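Throughout, residue positions are numbered sequentially from 1 according to the sequence presented. Keep in mind that this is a model prediction, so the values were computed, not measured.
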Amino acid sequence: QVQLVESGGSLVQPGGSLRLSCATSGFTLDYYHIAWFRQAPGKEREGVSCVSRGNGFVYSSDSVKGRFTISRHIANSTVILHMNNLKPEDAAVYYCAADPGEVRVVCGLTATRYPYWGQGTQVTVSS
């Protein structure tokens, strides 16, 4: 079955960096769109970055563009989210999600598109 396991969350100071990892199993990674979402207490789940099935087209939200980078590593079935210049408002539980999608449709950041989710990893940004 489809499984997604996030890791790498931690406490980091403002301006610092983190590398989140999403280990996938039960499916062929490049046949699925993969996205990172985050949810802070009292806020709605927010799409952060995604990588499309097939050609690997990537897309990030305006709030993280230029600071976060998503990358797909097919050989080890892992998707990485590199986060730089972290801000207090980046603090949240970060989730990765998978969507089999359609070949000619690129990934998106709408949570309802993704039927498979990991359990999340906590990122805290504080001095």
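With hydrophobic clusters built from ILVMFWY side chains whose heavy atoms lie under 4.5 angstrom apart, Tyr31 shares a cluster with Val2. A continuous path of hydrophobic side-chain contacts links Met83 to Val64 [ILVMFWY only; heavy atoms under 4.5 Å].
The closest side-chain heavy-atom distance from Glu46 to Phe37 is not below 4.5 Å. Within the 4.5 Å cutoff, the side chain of Phe68 has heavy atoms near those of the Asp90 side chain. Looking at Ile70 and Trp36, their side chains come closer than 4.5 Å, going by heavy atoms from C-beta outward. Residues Gln3 and Phe27 have side chains not in contact (no heavy-atom distance under 4.5 Å, counting atoms from C-beta outward). Contact of the Leu29 side chain with the Val79 side chain is registered, since non-hydrogen atoms from C-beta on lie closer than 4.5 Å.
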CA sep, side-chain torsions, deciding dist, call: Ser61, Ser63, side chain to side chain donor-acceptor pair (under 3.5 Å):
CA-CA 5 Å; Ser61 68; Ser63 62; 3.0 Å; yes
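Evaluation of the disulfide bond (SG atoms under 2.5 Å apart) test over residues 39-71, restricted to residues two or more places apart or in two chains, returns Cys50-Cys107.
With sequence neighbours left out, the side-chain contact (heavy atoms from CB on, under 4.5 Å) criterion links Asp62 to Lys65. A search for side chain to side chain donor-acceptor pair (under 3.5 Å) contacts involving His73 returns Ser71, not counting sequence neighbours. Every residue two or more places apart in sequence or in another chain that forms a side-chain contact (heavy atoms from CB on, under 4.5 Å) with Pro115 is listed here: Asp99, Pro100. Take Glu44 and apply the side-chain contact (heavy atoms from CB on, under 4.5 Å) test, not counting sequence neighbours, and it matches no residue.
Inspection of the Arg38 and Tyr94 side chains reveals an N or O donor paired with an N or O acceptor under 3.5 Å. Thr112 and Thr110 are not linked by any side-chain donor-acceptor pair at a separation below 3.5 angstrom, with hydrogens and angles left out of the test.
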Taking only distance into account, with no hydrogens and no angle test, what donor-acceptor pairs under 3.5 Å do side-chain atoms of residues 14-23 form with protein atoms, sequence neighbours excluded?
{"residue": "Ser17", "atom": "OG", "partner": "Asn84", "partner atom": "OD1", "Å": "2.9"}

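Residues Ala91 and Val125 approach most closely at CB-N, 3.9 Å, considering heavy atoms.
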